[in-house]
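Everything quoted here is computed from the prediction, not taken from an experiment. Excluded from the calculations below are hydrogen atoms, water molecules and symmetry mates; all remaining heavy atoms, backbone and side chain alike, are included. In listed order, ligands and their atoms are each counted from 1.
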Amino acid sequence: MRKTAFLLASLISSTLSTCFDPSPAFPVPQWHNGAKDKHLASAFNSLRTKLDTFISNPKYSAASFSIELTSQTSSLFSHFHTAPERNATRPGTPKVDGDSLYRIASITKTFTTLGLLYQAEAGTLNLDDPVSDYIPELTGQIPFHDITLRALASQLSGIPRDFAQSDILLEIPDPTFIGLPPADKKNLIRCDEYADYDPPCNATDLVKWLNHHAPLFAPNAESTYSNLNFELLGLVLERVTNMTYEEYMQTSIFTPLKMSLTTISTPNDTHAVLPVGDNYWDVDEGIQNPTGAIYSSTTDMSTYLRYILTHYNALATGINWFQPASFATGLGSFYGMPWEIFRTDRILPESRRPVTFVTKSGGLPGYVSRVSLMPEYGLGVTILVACNEHCGEVLDRLQEVVTVEVVRAAEESVWEGLGVGYDGVYEAVDRELNSSIELVSSSGTGIVMNSFVSNGTDVLAEVVPKFWADPRKSWRLQLVPTLLYKDEKEQAGEIWRILAMYERKEGKGRDVWDDFCITDIDTAKYAGLPVNEVVFWHEEGVMELPAWKVTMKQSTEPKNDERFVVQQ
Ligand SMILES: *[C@@H]1O[C@H](CO)[C@@H](O)[C@H](O)[C@H]1NC(C)=O
Ligand SMILES: *[C@@H]1O[C@H](CO)[C@@H](O)[C@H](O)[C@H]1NC(C)=O
Ligand SMILES: *[C@@H]1O[C@H](CO)[C@@H](O)[C@H](O)[C@H]1NC(C)=O
Ligand SMILES: *[C@@H]1O[C@H](CO)[C@@H](O)[C@H](O)[C@H]1NC(C)=O
Ligand SMILES: *[C@@H]1O[C@H](CO)[C@@H](O)[C@H](O)[C@H]1NC(C)=O
Ligand SMILES: *[C@@H]1O[C@H](CO)[C@@H](O)[C@H](O)[C@H]1NC(C)=O
């Protein structure tokens, strides 16, 4: 009795946090049917109508856009819109398509960071080296000897945001009209915005400015958006590669990935999407190129996203490029390197399983854009907009409509596929044994172990409440993919773990700490083997539970249609 009590206590302490929904809940879908997937195809039809209806509002008559969704292997959906209101003397492309070029603005930061990861992997720099090792001229009040390259790329350096952009003095003819005191430009730097964009700023201007300004935060204390971080990284890249930033981007990324239309310098107007009114199409950003210069198309960006979706955990030793590096202000908002990561439980209303979007936005006069990678679904979407007014409004709506519709359709498709692949009753291959498992999947609950009999014992009733789940709460046993295989080479023997998941409490009974959920997947062992390991050998149609020394064959469809049985 004492022994059981001790075991129970130790197990429960290891599962103290009560998690509701694991994410990911399934292996990354491959979308072999491409755009013909039933649920996606129907979402795409609905999207085309919604997008066309939205953009037909006369207040958006100067907006053009390109949208493309890609899987890890191929483009699944694209949609384009050409603004009815264009500049008659300089119209740019007459019809927007997949090759149409926009300024992608700050999405450029992801290219600069990719270049940095390549150099880290090549050993020409170390992400944890201080910036002052590479740019020793930085000698002012900002502690560059304490700021690492990693901190720059992660928006954690604490340095100011801009040095030649966004000055109100330059945007308003008479600032006293909005209550600002009179000011003149006499003591300001003489480049970029402060010099009518001629000349662009250079490294001397940047270093001089930084040497006369103070930090916003101590290094690594708080993340905050800064363009200067990437201007410095561009300079570091030029110094370690002995190439111009433009040459380095071309030879290390655009050419190898075959992004044939993507450039740093201004392309001719053949493919240009040129909004009416003031815009940055022709502006040479100089030293600011690494923070926002790139011109690209949705076709090229999809190529780039496919590369990222398939390489994000293999770019440099010790780096998973999609992991967050710090909290941002929002509860589900994080900075990565330099990704802007969003996790929401509002996109899947049924399960409320969190979905992660690894994004980067961009904005320059005349252009707004965003890429969003959805690693759990193996999908990535690019939205490029050229606009005059209401730019943010247009991007926000396109982002909302496209991501919500696509994720919900992808989710339906995933669970339909999992139902076919995993659901059913599995019975011991050894007919002498009374051992069986029933799996039932649904988007609300994941793949649930509805029954588990081992050698005549009802495991859910006898074993789980003692050793596996907190018996004080309503639980279910859910299968969680590890995304690893027993045979990695053949991608056979898919390894999953069984976890106790708890019913989400709502309303009055919900404690503040109910939301605390710390991942802890490697729970009890039996005779040295993980008791919750499950291996699927799909070719053979069997499921193996190594600790239970049993192999079970998928025999029939689920016995009943009860989708979710909460064990009390
Ligand atoms: C930057 O531009 C200024 C003139 O605008 C020039 O004096 C200086 O040498 C330039 N620096 C570099 C690194 O090109
Ligand atoms: C850097 O490139 C320049 C011009 O291509 C060349 O003259 C110089 O020798 C190179 N320096 C190093 C260290 O490779
Ligand atoms: C414009 O650029 C395209 C490549 O994007 C090229 O094929 C074309 O010849 C160029 N046109 C002119 C007039 O330079
Ligand atoms: C149209 O393009 C011409 C030539 O680039 C430019 O001078 C003019 O300002 C533009 N007009 C508008 C309304 O954008
Ligand atoms: C099944 O249970 C019996 C006792 O009921 C035991 O003798 C036997 O070793 C068990 N076999 C397996 C494979 O677990
Ligand atoms: C197998 O074991 C379960 C659970 O103890 C029991 O309900 C069932 O009757 C047994 N089946 C056979 C064929 O013995």
Just the distances, no angles: every ligand 4 N or O to protein N or O pair closer than 3.5 Å, one line each.
residue: ligand 4; atom: 2 (O); partner: Asn87; partner atom: OD1; Å: 3.3
residue: ligand 4; atom: 2 (O); partner: Asn87; partner atom: ND2; Å: 2.2
residue: ligand 4; atom: 2 (O); partner: Thr89; partner atom: OG1; Å: 3.3
residue: ligand 4; atom: 11 (N); partner: Asn87; partner atom: ND2; Å: 3.0
residue: ligand 4; atom: 14 (O); partner: Asn87; partner atom: ND2; Å: 3.3
residue: ligand 4; atom: 14 (O); partner: Gly277; partner atom: N; Å: 2.7

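Not a single donor-acceptor pair under 3.5 Å links the side chain of Arg370 to the backbone N or O of Gln399.
Salt bridge annotation for Glu544-Lys486: absent, with no cationic side-chain nitrogen under 4.0 angstrom from a carboxylate oxygen.
Atom CG of Leu117 sits about 7.0 Å away from atom OG1 of Thr113, to the nearest 0.5 Å.
For the residue pair Thr110/Tyr304, the side-chain donor-acceptor check at 3.5 Å is satisfied.
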Audit row: Thr457, Glu462, side-chain hydrogen bond (donor to acceptor under 3.5 Å, both in side chains) steps and yes/no: CA-CA 7 Å; Thr457 297; Glu462 302 297 331; over 6 Å; no
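The aromatic ring centres of Trp548 and Phe452 sit less than 6.0 Å apart.
Of all atoms in ligand 6, numbered sequentially from 1 with element shown, those under 4.0 Å from a heavy atom of Asn434 are 1 (C), 2 (O), 3 (C), 8 (C), 10 (C), 11 (N), 12 (C), 14 (O).
Polar contact check, Val453 against ligand 6: no nitrogen or oxygen pair lies under 3.5 Å apart. The N/O atoms of Asn268, backbone and side chain alike, include one that comes under 3.5 Å of an N/O atom in ligand 3.
Under the 30°/60° scheme for interplanar angles, the aromatic rings of His390 and Tyr60 are found to stand perpendicular.
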